[in-house]
**Q** 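Have a look at this one.
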Amino acid sequence: MKSSSPARESEIGQLLLDWHQDHPRPLPWKGKGPYETLLSEIILQQTRVEQGLPYYQRFVTLFPTINDLAKASEDEVLHAWQGLGYYSRARNLHRIARTIVEDLDGAFPQTYEAWLSLKGIGPYTAAAISSFAFGEPKAVLDGNVYRVLSRLFTPNADFFSSGGRKVYQELAQKLLPTDQAASFNQAIMNFGAMQCTPKQPDCDNCLLKMHCQAYQRSVVPMYPPAKQTILKRHRYFHYLVPVDQSGMTWIEQRTGNDIWQQLYQFPLVETLSSVHSADIQKLFLNKFQLVDWNTENTSKIYKQILSHQVIHACFHLLNGLDLPQHTGFERVKIKNLPNFAFPKVVHCYLMDYSIYLNAIHQ
DNA sequence: AATACGGGGGC
DNA sequence: GCCCCAGTATT
């Protein structure tokens, strides 16, 4: 670790606070109560301010207080969330509101640990809410803070591992003046968003350049280090949805040391490169050599599906069926399959004894 | 440690 | 069109 001293750390902390004073970013949830803080922080998880803003406005209009949010049905909350993505955030937010109103008598948690114990609140959000709304001296560590710290101190630690993240958390904590936690957390995040930007940061006009290790060594573009990318290969999943005259289909259970262990799926052949339809058919005939089926019919039924999202949807469907717990093909009544839609990627229609899978794009 | 969740933005 | 994004829960 590069040399650093408490005096230097507090100087950097003060400079960030000064910068924040000179570069205010007024947002509607600033300086409001814990409810508005909670709303904004959940909405802003993985979401840009510009995208989240209209949703924040919608929520404070529809649900002005935490009591209104707790009283609302989950359906109403999800509807207000529509289009924002990561919908479990909405469910968690709703549950948190009910917990606070019903279990905590309307008293908001105040400490970092208390917030952290709620589902949907992780280390970042717990630090953000407890510091913004209650002055808890806990440093936030989000993507902006990570970038700023990385350039300032160029620590030899991998942010994307649990141990490395701890190094960054401690760096941030050391900079935080305990009596100005809220302002400091705002300051360092805004500094990352506005000054110490991912691309083309304005280093010439940066009031931290004297303290910035990356700048001093002229290696700012090298920081923060990119997440080491594990070599990704394409996997092509070809599903077959066979249906016989009696309205039965086949499914299989995944085995082996791979994703989705033990989960059920439509019969699958996997290839490492894309394959023409005729060749896929041969692969399936090979796989099903013991099964007597009508090639002419089935050839029209299978579809080549490349997205793993489809697999995910498949096991949701198939898990709902009561199946024997052993490996191999199972016969299932096609008419017993529930009427379902693959979320976002594929719609499934049941027509006569055939299933058609259609890729759709939203 | 790896994976899923979901939109929008950038190349 | 494809790749990326960095918070949280789950496995």
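Quick caveat: nothing in here was measured; it's all calculated off a predicted structure. So you know, we letter chains A, B, ... as the sequences are listed, proteins then strands, and number each from 1.
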**Q** Nearest heavy atom decides the nucleotide; on that basis, is A:K199 or A:S162 closer to the 5' end of DNA chain B?
**A** A:S162
**Q** Using atom P of each nucleotide, how far apart are C:dT8 and B:dG9 to the nearest Å?
**A** 23 Å
**Q** Looking only at atom types and distance, does a side-chain atom of A:H79 sit under 3.5 Å from a main-chain N or O of A:E74, one as donor and one as acceptor?
**A** no
**Q** Please state how far atom CG in A:L44 lies from atom P in B:dG6, giving the value in whole angstrom units.
**A** 17 Å
**Q** Are A:Q46 and C:dG7 close enough that a side-chain N or O sits under 4.0 Å from OP1 or OP2?
**A** yes
**Q** Whole Å only: how far is the CG atom of A:D158 from the C1' atom of C:dA6?
**A** 13 Å
**Q** Of A:R89 and A:S161, whose closest DNA chain B nucleotide lies nearer the 5' terminus?
**A** A:S161
**Q** Is the shortest side-chain N/O distance from A:T125 to OP1 or OP2 of C:dT8 below 4.0 Å?
**A** yes
**Q** May I have the distance from A:Y87 (atom OH) to C:dG7 (atom C1'), rounded to whole angstrom?
**A** 17 Å
**Q** Tell me what A:Y86 touches on the nucleic acid: a base, only sugar-phosphate, or nothing, going by heavy atoms under 4.0 Å.
**A** base
**Q** Mind checking whether A:F159 and A:Y146 have parallel, tilted or perpendicular rings, split at 30° and 60°?
**A** parallel
**Q** Please give, in whole Å, the distance from C:dA9 C1' to A:R91 CZ?
**A** 13 Å
**Q** Can you tell me how far P of B:dG6 sits from OH of A:Y55, to the nearest Å?
**A** 13 Å
**Q** Atom CH2 in A:W29, atom CZ in A:F132: separation rounded to 0.5 Å?
**A** 11.0 Å
**Q** Among the candidates B:dG8, B:dG6, C:dA6, find the nucleotide nearest to the side-chain atoms of A:T47.
**A** B:dG6
**Q** Take the protein atom CG of A:L78 and the nucleotide atom C1' of B:dG6, then report the distance between them rounded to whole Å.
**A** 14 Å
**Q** Whole angstroms only, please: what is the CD1-C1' distance between A:I42 and C:dT8?
**A** 10 Å
**Q** Could you work out which one of C:dT8, C:dA6, B:dG7 sits closest to the side chain of A:F160?
**A** C:dA6
**Q** Check every strand shown and say whether A:L118 touches a base, only sugar-phosphate, or nothing at a heavy-atom separation below 4.0 Å.
**A** sugar-phosphate
**Q** Measuring only the C1' atom in each nucleotide, how far is C:dA6 from B:dA1? A whole number of Å is fine.
**A** 16 Å
**Q** Specify the separation, in whole Å, of atom CD1 of A:I121 and atom C1' of C:dA6.
**A** 16 Å
